[in-house]
Each structure stands twice: as structure tokens, then as C-alpha cells.
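First up is the structure itself, then whatever we jot down about it.
No experiment lies behind these values; they were computed from the predicted model shown.
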Amino acid sequence: MPGHLATYVSEERAGEEVTVRIGVTFASAEDLLRWERCAARHGLLAEVDELTEDRPRTFSVDELARWAPRGPSRLRMTLLIWIALFPIALVMNHLVMPLLDEWPVLLRTLLLTGVLVPAVVLVTLPLLNRLLAAWALWHQPRTPD
């Protein structure tokens with residue numbers, strides 16, 4: 001749908017009852033209004049209606065903000081980036097930078113940041129996030145069957 005930015009899904013369980021919430025974010029109020037009025041949305045709501053005990057309910061943007069997932073805290077992101085950056089910076093400073101002593105500081109910095117940023121964003125940070133996600137799943141408290 002034009003203007004669609006993100007979809008959020010959450011699930012709450014209370015005994016045998018499961019509540020699933022699906023939120024959508026659009027770039028503008030006009031895009032959201034177009035979505036709310038389109039046939040595709042009404043068709044999806046009709047499909048969901050067949051699967052639920054109660055009628056699907058819609059919520060306002062203010063209500064969505066209460067349950068939409070929030071990103072990691074600034075402290076957590078700072079630590080993750082530092083942990084992802086450190087090994088690459090260590091290797092670069094130990095192995096590569098001594099070979100470039102004759103280079104001007106500007107070029108050495110350009111090379112260092114040109115290697116560090118893509119390596120962190122594309123390699124070590126995603127790897128660290130996967131490891132932490134796997135660890136979190138493995139360490140979830142078990143519920144009795």
C-alpha cells in the first residue's frame with residue numbers, strides 16, 4: 001500500500017485466550033485513510049472475523065503507541081555498537097595502521113572509518129544481534145505444560 005512504513009504484531013495470552021494485535025504505520029494521515037477505506041483491508045478484516053470469537057476491533061494511533069514494540073534503549077545500542085566495533089578496530093589498529101604511518105591523518109581516518117562502518121553495520125552488529133536473540137530464546141523461562 002502506498003505510504004506503508006511498518007507492521008507490528010503482538011500477542012497476549014491469558015489462560016486459553018489469545019489476543020493478537022496488528023498495527024500498521026503509514027507515512028501520512030492520507031495514506032492511512034486510503035488504507036482504512038480500501039477493499040483489501042476490508043477483505044482481510046472479513047477473513048480475520050471468521051477466525052475470532054469477537055469482531056476485530058480497530059484502535060487509534062494513541063492506543064497503538066501503548067503496545068507497539070519499542071527499539072532497544074540507547075544504552076543497549078551503545079553497548080552493542082561498541083562490542084561490535086571493538087574487534088575490528090583492534091585488528092585494524094594492530095595490523096593495518098602501523099603500515100600507513102606515512103599517510104596523512106585524513107587518509108588514514110578515511111580508510112579506518114571506511115572499513116569500520118560497513119564491517120560493523122553489515123557483519124558484526126547483525127551477528128551480535130543474532131547471537132543475543134538466540135541466547136534470549138534459549139534462556140526464556142519455561143512454562144509448565
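Every residue meeting the salt bridge (Lys or Arg N to Asp or Glu O under 4.0 Å) condition with R34, not counting sequence neighbours, appears here in chain and number order: D31. Scored by the side chain to side chain contact (heavy atoms under 4.5 Å, CB included) test, L106 finds no partners at all (sequence neighbours excluded). Partners of H42 by side-chain hydrogen bond (donor to acceptor under 3.5 Å, both in side chains), not counting sequence neighbours: none found. In this structure, the side chain to side chain contact (heavy atoms under 4.5 Å, CB included) partners of R13, at least two apart in sequence or on a different chain, are E11, V18. Under the rule for a side chain to side chain contact (heavy atoms under 4.5 Å, CB included), the partners of A6 that lie at least two apart in sequence or sit in another chain are Y8, T25. With sequence neighbours left out, T109 forms a side chain to side chain contact (heavy atoms under 4.5 Å, CB included) with V105, T113.
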Just distance, no hydrogens or angles: give the donor-acceptor pairs under 3.5 Å from side chains in residues 79-87, sequence neighbours left out.
none

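Put simply, L95 and L99 are part of two different groups of oily side chains (I, L, V, M, F, W, Y) that touch within less than 4.5 Å, one to the next.
Rounded to the nearest 0.5 angstrom, N93 CG and I88 CD1 are separated by 12.0 Å.
Residues L33 and E36 are in side-chain contact: their nearest non-hydrogen atoms beyond the backbone lie under 4.5 Å apart. Side-chain contact check for L32 versus M1: every heavy-atom pair is 4.5 Å or farther apart. The shortest side-chain heavy-atom distance between L75 and M77 does not fall under the 4.5 Å cut-off.
Remark: the backbone N or O of L45 is not paired with any side-chain donor or acceptor of D49 at under 3.5 angstrom.
When all heavy atoms of R108 and W103 are compared, the pair lying nearest together is NE-O, 3.5 Å.
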Walk me through it: do V115 and V96 pass the test side-chain contact (heavy atoms from CB on, under 4.5 Å)?
CA-CA 11 Å; V115 171; V96 178; over 6 Å; no
Is there a side-chain contact (heavy atoms from CB on, under 4.5 Å) between R76 and L132 once you walk through the steps?
CA-CA 12 Å; R76 181 175 187 266; L132 289 174; 4.0 Å; yes
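The hydrophobic cluster containing L122 also includes V117, V121, V123, under a criterion of side-chain heavy atoms closer than 4.5 Å among ILVMFWY residues, counted directly or through chains of members.
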